[in-house]
Amino acid sequence: MFKFAKPTDLPDWKEERPDFNSDEVTSFIFNPHRSQSIENQRKRLPIFENRDQFLYLLETHQFLILIGETGSGKSTQVPQYLLESGWGCDGKTIVVTQPRRVAVLSLASRVADEMGTSLGQTVGYSIRFDEQISNKTRLKFVTDGVLLREMLTDPLLKKYCVIMVDEVHERSLNTDILLSLLKKIAKKRPELRLIISSATLDAEELKNYFTWKTKSANDENGSTEVQQYKKGEAAIMNVIGRCYPVDIFYVQDPVPDYVKASVDTVIKISIHEPPGDVLVFLTGHEEVETTVRLLKEYANTVAESSRKDKLQVLAMHGGLSNEDQLQVFQRPPSGRRKIIVATNIAEASITIPGIVYVIDCGFVKLKWFNADTQTDALVVVPISQASAQQRAGRAGRMRPGKAYRLFTEDYFYTLNRFTPPEVQRSNLSSAVLQLKALGVDDIIHFDFPSPPPAQHLAVALELLFALKAIDSSGRLTDPTGLRIAEFPVEPIMAKMLISSNDFKCSAEIASIVAAMQVQALFYYPTRGQDSIKARIARRKFEACEGDLITYLNVVTAFTKHGDCPRWCQSNYINKKALKRVLVLRSQLIKLLQRLGIPYSSAEGEIEPILRCIASSFFTNTAYLHPCGEYKTVLADVVLHVHPHSILYAEEKAPWVVFGEVLQTTQLFMRDITIVDPLWLEELAPHYFQKVTER
DNA sequence: GAGCACTGC
């Protein structure tokens, strides 16, 4: 049994204040001041006191770094201050980027509300597959991915006068790439203003990144209008947030098993602490299910008694259906305390109201690119201090809260301050291609905010060269490279779409590529009768050639039966995912047609489709070694068939290609297709001569 | 033989 130490008063912690209304990133907004006029609410926000300072700094500096904690109101108010003071009146637009679609939607509608207009008028938004924009729009909310795409047609983003990049502390891949490109643009467009907005971040580091001009300003064009203006210089502005204090508790001794410790802590809270919901952070879906099961067993024993500590236990992770996810937002039955056991989805992506207690296991599952094996690994690593702070903050949004950390205080101070940015732990082939398409030739010396390991860049360049997207001097090829860059999918998938023209099967390949973009077409129940039934249901779609042809069968069947509600259910098909597949598919087909690749179908023939797959996935080939294991052709790394693959229980074919490799307990190949090695030699001779010499 | 954190174009 473990004990929690006395609450520790962390200085960096007490400053965290939750928001009262408008800076919420999900559509579930709790607003205790609903009765007040909008004008009054806006004035109550902490950032209101900084309004004039903000406008002055933006007048005099090209870059403004805005450090504002949750609840400062920066995401909703700053864009309005800009409009009110005349930015966006010269026919140009203000744009605000967010890492997530849901944040774009809720911010845009909140700001339109506050301004008394409807969406698509002065205030609009643009996300993939959805947009509300008109020629009246002066303020636009977008995902950072959308803004990156816009740069392909408008490299200097000339239609914008102010660009605000929000949630920079999350350091998503797109945010980092956007920042570096915006820095370049700003040099060419001195009148452009950039606002970099972040919760916690090393502001000085960011300031140094953005300050490229050390000399005094106005030495180039001495126009009086810009005399006060320091182009290329960055100012930092801090905005206080607002939030209730959260007491932090640490365990006195390290816990051997954080799943068990989580369960014990929930039980302790339920017995000893006043009412208030509990949020538990664990690393994966399996841990979540185990914890939920243990807590439900406990809850059942309690429910039969007349005690007060009755619980409603709910799981929250990305694999759940929409309906199951929505449950965590509903009020628990009266007299019950709601316990939500979640993965990292609850750290930033969704906000659950009513949380007073947080339990933090101290770990997170992260995708990590391994350049040696050229594969992704999904590894459980200790969280950063910033993450721990973010998780604890989830307890102080309604009233003072408590956070229980399942690690010691000493250990906390050994953690990294920040999680390494995504750009440093990702496969960069897509990002590199995108940069090339935007005219960045020298990737190795490109000015990233946090440079990725050189080997990651080298691996990306090698793959692009193998796909003939770039030539031996590293330049984007015309038309192959240019075309691949146009597609909103991984380069290898884009290459397959383009090649489908040669094999006259673009219809089928579009279905396959679309299906590979979504998480899971099937539900995989983990226990009981359901898991067996699901397995039997999957067999209906099984193709002996492998997973990709199976996906094609699923997509084809869904277009026929998908509208029947029982059909998806009885076949354990993820309806949400399949609907998205069809939307993606039609986007891909439209893009193909725009590039002059006509719609064509193999009319039931399988071989052209298989050849097309082989012609693009040849870099991902594995052969059956006499030892009985698969090995990569590239580096002789041992690979295993993922248990979700349709080929898992089958006799092993001598040659396969795979969509990706993910390392969990072992290196697992996913999205596997059986191929004929002669095709590989024929279709990718530049790559495969040496292979058959084995 | 045994298993997928979370986003985004």
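Protein chains get the first letters and strands the later ones, always in sequence-line order, with residue 1 at the start of each.
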| message | Check A:R100 with A:E167, please: is the shortest side-chain N to carboxylate O separation under 4.0 Å? | response | no
| query | At under 4.0 Å between heavy atoms, what does A:T343 touch on the DNA or RNA strands: base, sugar-phosphate, or nothing? | reply | sugar-phosphate
| request: Quick one: sort the A:F446 and A:F448 rings into parallel, tilted or perpendicular, breaks at 30° and 60°. | output: perpendicular
| field | Any A:R670 side-chain N or O less than 4.0 Å from OP1/OP2 of B:dG3 | value | no
| Which whole-number value in Å describes the distance from A:Y523 OH to B:dG3 P? | 23 Å
| said: For a quick check of understanding: with a heavy-atom distance under 4.0 Å over all strands, which category does A:F668 fall into, base, sugar-phosphate or nothing? | reply: sugar-phosphate
| task | Could you tell me whether the phosphate oxygens of B:dC4, OP1 or OP2, come under 4.0 Å of any side-chain nitrogen or oxygen in A:T664? | result | yes
| message | Judged by each residue's nearest nucleotide on DNA chain B, which is more toward the 5′ side, A:L662 or A:A649? | response | A:A649
| request: Starting from C1' on B:dT7, measure out to CD on A:Q519 and report it in whole angstrom. | output: 10 Å
| query | Taking the side chain of A:R535 as its heavy atoms from C-beta onward, which of B:dG3, B:dG8, B:dA2 lies nearest to it? | reply | B:dA2
| What nucleotide, of B:dG8, B:dA2, B:dC4, holds the atom closest to the side chain of A:T143? | B:dG8
| field | A:P488 or A:H285, whichever maps to the more 5' nucleotide of DNA chain B | value | A:H285
| query | Distance check: side-chain N/O of A:H642 vs OP1/OP2 of B:dC4, anything under 4.0 Å? | reply | yes
| Do the charged groups of A:E287 and A:K365 touch, with an N to O distance under 4.0 Å? | no
| query | Reckon A:L173 touches a base, only the sugar-phosphate, or nothing at all at heavy-atom distances under 4.0 Å? | reply | nothing
| For residues A:D530 and A:Y572, is any side-chain donor paired with an opposing acceptor at under 3.5 Å? | yes
| message | Taking any heavy-atom pair under 4.0 Å as a contact, classify A:I345: base, sugar-phosphate, or nothing. | response | sugar-phosphate
